[in-house]
Amino acid sequence: MSQEKEPSFEACLGRLEAIVREIEAGNLDLDTAIARFTEGMELVKRCRALLTAAEQKICLLLENEVQEGIAVPVENLAKERTNGLQGGSIRKSPPD
């Protein structure tokens, strides 16, 4: 049994760009255009999931750095992700 590898973010984005070009060219019949649109929406979902997973990994890495007492510039943390980290435990790096 061969396991198919999930497409990477870059592969999904490339295919999505190709679909957009096909649809914008206006040479597809309605059924094909709908099929491409449906495929594109699935690719958008995959891209969002991959981006969310990457963002979560980054937030975990930043949390680990904060817990280990390593200075993390507050400006580099996403505002919506720092709610749990702003309890005073983040040390702001000195300005350059």
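Side chains are part of it too, since the values below use all heavy atoms of this structure and drop only hydrogens, waters and symmetry mates.
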So, taking the atom named [atom1] in [X] and the one named [atom2] in [Y], what distance separates them when rounded to the nearest 0.5 Å?
| X | Y | atom1 | atom2 | result |
| --- | --- | --- | --- | --- |
| E39 | I23 | CD | CD1 | 9.0 Å |
| L61 | Q56 | CG | CD | 12.0 Å |
| L16 | R21 | CG | CZ | 10.0 Å |
| C47 | E10 | SG | CD | 9.0 Å |

Transitive ILVMFWY side-chain link V20 to L43, under 4.5 Å: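 V20 does not cluster with L43.
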
Selection residues 24-38 - residue pairs positive for salt bridge (charged side-chain N to carboxylate O under 4.0 Å, His left out), sequence neighbours left out: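 Qualifying pairs: E22-R36.
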
Whether T32 side chain and L28 backbone form a donor-acceptor pair below 3.5 Å: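 Not confirmed, T32 side chain does not pair with L28 backbone.
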
Shared-cluster residues of L51, by chain and number - hydrophobic side chains joined below 4.5 Å: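 Result for L51 is F9, L13, L50.
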
Heavy-atom pair of closest approach, residues C12 and R46: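 Shortest heavy-atom separation between C12 and R46 comes out as SG-CG, 3.4 Å.
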
